[in-house]
There are 2 protein chains.
Amino acid sequence: MDNLLNYIRSLTTFSDESWELLQSALTNKEFKKADFLLQEGEICNSLFYINKGFGKSQYEIDGTIKNTGFFFENEIATNINSFGSGLPSEYNIVACEPMETIVFDKNQLFHLAKQSREIETLGRNCIRLFASKQEELSKIHQLYNTQERYEYIEKTYPQFLQRVSLSQLASFLGVTRETLSRIRKKRIS
Amino acid sequence: MDNLLNYIRSLTTFSDESWELLQSALTNKEFKKADFLLQEGEICNSLFYINKGFGKSQYEIDGTIKNTGFFFENEIATNINSFGSGLPSEYNIVACEPMETIVFDKNQLFHLAKQSREIETLGRNCIRLFASKQEELSKIHQLYNTQERYEYIEKTYPQFLQRVSLSQLASFLGVTRETLSRIRKKRIS
DNA sequence: TTGATTTTGTGACAAATGTCTCAGCTTATT
DNA sequence: AATAAGCTGAGACATTTGTCACAAAATCAA
């Protein structure tokens, strides 16, 4: 749990009392590789703080899977749209490795937010982090070509290259695996 | 101001008292075409509710301008990253037409949020809307090719095609204006 | 209106990417 | 170890997109 408390305190001031209070909204949950944290069609009622392992969000369109995001240790995975609006999720969140997570229950969290301003502020900051991340993602697509996108990821999120397979990364970058393979080849020589 | 109140109440429950309280954070501001609502390097301390006209966000890289978003009537324009983090903006927000806006002052807003839970909730919902919009933007780049992106915009945001020029739209879609021109030609025949 | 500026459409060609295919290499499972 | 399954690298070819050039159309300012 210490990781989570550090994470929270990197976002906002958070008293020991708030931390105590927050416990009632938290449960530990483990996932095996390829397990679903969230399935398409479900309503997202959780935030998943990741203690170990990593996962990805993926759309399934006409049988083919497209990865739209990866979530690593010390980050929160969720479908912010579904979580906020109560509408069904359009995509899956899947464990790429065995994962250990701490689950925030939405109803409990909203209940606590009414009692504790620090918890409400925490929620707002989590959402803002998500908004920033999404903005960054759309930015790299609008501003950069494929090679520049790859270099941006290489520089900004080196763990992507270490932990994510070529095929998965290609899907994330919005190109075929062959194209990504060519880019790598070009950069070696 | 009625437009704004309706907008707010479409997001969250908002009492007349909260509305009264909110007034102290609001000012009217007009922009001429090509005026900056926010300039690169500035810290964003405002939310701009748009009563009339529309604007765009644009990065300037090596002298060329790339549009990353458009903001129309009854929406809020801001740099959510800079607004939330206090870091300088990496891009401009520019008026594409003469604009009439209602400006939320950040400091006043934060001050009021401490007094009124409804105002704090409003802020959280605004951020969530932004996160959703950004998620949608990155989604259409990762899932769709150029023609599909164009068709998605055509279907989902028809006012884009009516009000935004081809060159601006091409930049937004992440292709050259020639490519967008070809797609339009293909679709007519 | 006139003239200047910007925007758009188009063609030719080059470059990038997608599609299809196959072979070699890991990894997982038994 | 043996097998199966998935992942990667590579080539050939088709398609898409970018780049450059120029003309037509639309917009703007005097």
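A quick note: this is a predicted structure, and the numbers were derived from the prediction, not measured. Letters A, B, ... mirror the listed sequences (proteins, then strands); counts begin at 1.
Hydrophobic clustering places A:L21 together with A:F110 (ILVMFWY residues linked when any side-chain heavy atoms are closer than 4.5 Å, directly or through intermediates).
A cation-pi arrangement is not found for A:K29 relative to A:F48, the charged atom failing to lie both closer than 6.0 Å to the ring centre and inside a 45° cone about the ring normal.
Comparing the local axis fitted to the first five base pairs of the helix from C:dT1-D:dA30 to C:dT30-D:dA1 with the one fitted to its last five gives a bend of 60°, rounded to 10°.
For the contact set between residues 153-172 of chain A and DNA chain D, defined by any heavy atom under 4.0 Å, the members are A:S165, A:L166, A:S167.
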Hey, what are the protein-to-nucleotides 17-21 of chain D N/O distances that come in under 3.5 Å?
{"unit_1": "D:dT17", "atom_1": "OP1", "unit_2": "B:T146", "atom_2": "OG1", "d": "3.0"}
{"unit_1": "D:dG18", "atom_1": "OP2", "unit_2": "B:T176", "atom_2": "N", "d": "3.2"}
{"unit_1": "D:dG18", "atom_1": "OP2", "unit_2": "B:T176", "atom_2": "OG1", "d": "3.0"}
{"unit_1": "D:dG18", "atom_1": "OP2", "unit_2": "B:T179", "atom_2": "OG1", "d": "2.3"}
{"unit_1": "D:dG18", "atom_1": "N7", "unit_2": "B:R182", "atom_2": "NH1", "d": "3.2"}
{"unit_1": "D:dG18", "atom_1": "O6", "unit_2": "B:R182", "atom_2": "NH2", "d": "3.0"}
{"unit_1": "D:dT19", "atom_1": "O4", "unit_2": "B:R182", "atom_2": "NH2", "d": "2.9"}
{"unit_1": "D:dC20", "atom_1": "N4", "unit_2": "B:E178", "atom_2": "OE2", "d": "3.0"}

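Contact check for A:Y59 versus B:K139: side-chain heavy atoms found under the 4.5 Å cut-off.
For the pair A:I65 CD1 and D:dC7 C1', the computed distance is 15 Å after rounding to whole Å.
Closest approach of A:L161 to A:E154, counting heavy atoms only: CD1-CG, 3.4 Å.
By the 30° and 60° cut-offs, the orientation of the rings of A:W19 relative to A:F14 is perpendicular.
You'll find the ring centres of B:Y157 and B:F72 outside the 6.0 Å limit. Between A:Y150 and A:Y144, the distance from one ring center to the other does not fall under 6.0 angstrom.
Here OG1 of A:T68 is found 8.5 Å from CG of A:L137. Values are rounded to the nearest 0.5 Å. Within the model, atoms CG of B:L22 and CG of B:L109 stand 6.5 Å from one another, a figure rounded to the nearest 0.5 Å. For the atom pair CD (B:E148) and NZ (B:K155), the distance works out to 12.0 Å, reported to the nearest 0.5 Å.
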